[in-house]
Amino acid sequence: MLDKKRRINRGKEYGYLYKNGRRITGKYIIVFIKENNLAHNRFGIVTSKKIGNAVIRNRAKRQIREVIRKNLQLVRPGYNMVVIARFNIKEVIFELIEKDYLRIMKKASLY
RNA sequence: UUAUUUAUUCCUUUACAGUCCCUAAUACCUGAGGAAAGUCGGAGCUCCGCAGGGCAGGGUGCUGGAUAACGUCCAGUGGGGGCGACCCCAAGGAAAGUGCCACAGAAAUAAACCGCCGGGAGCGAAAGUUCUCUGGUAAGGAUGGAACGGUGAGGUAAGAGCUCACCAGCAGGCAGGUGACUGUCUGGCUAGGUAAACCCCACCUGGAGCAAGACCGAAUAGAGGAGCAGUGAGGUCGCCCGCCUCGCUCCCGGGUUAGGUCGCUGGAGGUGCUAGGCAACUAGCAUCCUAGAUAGAUGAUUAUCAAAUACAGAACUCCGCUUAUAGAUUUACUUGCUAC
């Protein structure tokens, strides 16, 4: 699990990011990004019921969390991000998700 | 365990030392299911006015037992199915009342369409035959899921439980059984189906649910004005009674996204043995037991295990039911085939 300070856990913050954040769409994930004026990044992960049952949703969440953890040092700090899993994430292996994530970070000039 | 900061204790003071909390790093330990699922039934627990009475509403529906309880389970009874092992059934009441019974058919709780028989009238010598005539008749035909018990005999103008025998069904007695019910005798002679239609009968039923609810913290402002009412308004399902609380509405002014802790897991618990019981289950003894989160949990890579994996992830707890499923395991029996 990520540290408590690196998590987004208020429904309102998610709503704020959807409204005001920059939206970048990848092949398997969608990311909303907004500056947060902190020395670190904060993340939220969303897996909707469209993706599948609880087992599939939890697995997708774990894999996204691992991608974020693995590349924590690479990404520039000071942003809030919401990562949304798309419905086709359940069919792909870990490396492809990681590649997708890094591509989005590059596009946002955070890497 | 280490480190940093802060607070506190001790002390005249300082230092050393100790304790608690927060944060970070490291190490070690622990972490889902038979269905965790669907949320269909029941219960514990919590709060609401301790929930009292009546009506309404809802539920259950063969009998006896088990259980904290149930719409669950066990053992029976009665139906139905299967060659069989065995399986299935919301299975009370239709002589309390009402409704409905499509199409077909003359008629669907009401009967005469065809037919059969007697009488009358006409025709005819008679046999007989005809009818806008009259009466009897439910045996036969035709329709239908169902036509006012069935089969046979007597009986009759023709017929008819009109009479008799057997069968089905009904009522009552007796015997057996805790009981559902079974057996038998007697009687009168027949009573359509539908209650997952209304309904009747018996029993059960207050409501909301862990986002229940409790505590701590933060913030905190109304002796303001106007109108209305006092047979008023509100109070955790509907209506009436009973009970409890309070004036109410509008305007003006003020406040409001800050959370944390508990509830939160050891319990109607699992396993084994003994005893009781046909069984469900119960009792005693022994022994075993580690999720408890709060954006909400089993990651990535490599290796290995003989090989491989379905349905699927706890959110207060438990007992059931239902549905989804790869594989593995156990016992008893039935049927078929093959061999002896």
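The model shown is predicted, which means the values in this text are computed figures rather than measured ones. Just so we're on the same page: letters track the sequence lines, and every chain starts at 1.
In this structure A:A60 satisfies the side chain to side chain contact (heavy atoms under 4.5 Å, CB included) test together with A:T47, A:I89, sequence neighbours excluded. Residues meeting the side chain to side chain contact (heavy atoms under 4.5 Å, CB included) test with A:I30, sequence neighbours left out: A:R23, A:T25, A:F32, A:I84, A:R86.
Within the shown strands, B:G154 is the pairing partner of B:C162 under the Watson-Crick or G-U definition, both distances less than 3.5 Å. Of all nucleotides present, only B:G225 satisfies the Watson-Crick or G-U wobble test against B:C250, with each distance under 3.5 Å. When both distances must be under 3.5 Å, the Watson-Crick or G-U wobble mate of B:C103 does not exist. Across the strands present, B:U46 finds its partner in B:A208; the criterion is a Watson-Crick or G-U wobble pair with both atom distances under 3.5 angstrom. Nucleotide B:G327 forms no Watson-Crick or G-U wobble pair with any nucleotide shown, as no partner meets the under 3.5 Å limit on both distances. Pair check for B:U14 finds none; no Watson-Crick or G-U wobble contact set falls under 3.5 Å. Searching all strands for a Watson-Crick or G-U wobble partner of B:C311 with both distances below 3.5 Å returns B:G33. Using Watson-Crick or G-U wobble geometry with both donor-acceptor distances under 3.5 Å, B:U129 finds its partner in B:G122.
Look at A:K61 and you'll find a side-chain N or O under 4.0 angstrom from OP1 or OP2 of B:A297. When the side-chain nitrogen and oxygen atoms of A:R59 are compared with OP1 and OP2 of B:A300, one or more of them lie within a distance under 4.0 Å.
Distance, A:Q63 CD to B:G299 P: 9 Å, rounded to whole Å. Atom P of nucleotide B:A295 and atom CG of A:N58 are separated by 15 Å, given to the nearest angstrom. A straight line from CE of A:M81 to P of B:A295 spans 20 Å, rounded to a whole angstrom. Here B:A315 presents its P atom at 13 Å from CZ of A:R57, a figure rounded to the nearest Å. In this structure, A:E95 atom CD and B:U301 atom C1' are separated by 9 Å, rounded to whole Å. Distance A:I68 CD1 to B:A300 P: 15 Å, rounded to the nearest Å. For A:I45 and B:G299, the CD1 to P distance is 14 Å, given to the nearest whole Å.
Of the C1' atoms belonging to B:A32 and B:A312, the separation is 11 Å, rounded to the nearest Å. Distance noted for atom C1' between B:G79 and B:G34: 37 Å (whole Å). One C1' atom belongs to B:U19, the other to B:C10, and the distance between them is 11 Å to the nearest Å. Nucleotides B:U329 and B:A286 have their P atoms positioned 37 Å apart, rounded to a whole Å. For the C1' atom pair drawn from B:G84 and B:A328, the interatomic distance equals 30 Å after rounding to whole Å. As rounded to the nearest Å, B:G31 and B:C11 have C1' atoms that lie 49 Å from one another. A distance of about 33 Å separates the P atoms of B:A24 and B:C215, rounded to the whole Å. B:G227 and B:C239 have their C1' atoms separated by 34 Å, with the value rounded to a whole Å.
If A:V46 and A:I56 are placed on RNA chain B by their nearest nucleotide, the residue sitting closer to the 5' end is A:V46.
Once rounded to the nearest 0.5 Å, the distance linking CD of A:Q63 with OH of A:Y101 reads 15.0 Å. Interatomic distance, A:I68 CD1 to A:E98 CD, rounded to the nearest 0.5 Å: 11.5 Å.
For B:A307, the glycosidic angle deviates from 0 by more than 90°, giving an anti base. Glycosidic conformation of B:G34: syn, with the torsion inside 90° of 0. B:G149: glycosidic angle beyond 90° from 0, hence anti. Nucleotide B:A233 carries an anti base; the chi torsion (O4'-C1'-N9-C4 or O4'-C1'-N1-C2) is more than 90° from 0.
The heavy-atom pair separating A:D100 from A:Y28 by the smallest distance is OD2-N, 2.8 Å. Looking at every heavy atom in both residues, A:A85 comes nearest to A:I64 through CB-CD1, 3.9 Å. Heavy-atom minimum distance, A:I24 versus A:K107: CG2-CD, 4.0 Å.
Listed candidates were B:A312, B:G296, B:A297. Nearest to the side chain of A:V55 is B:A312.
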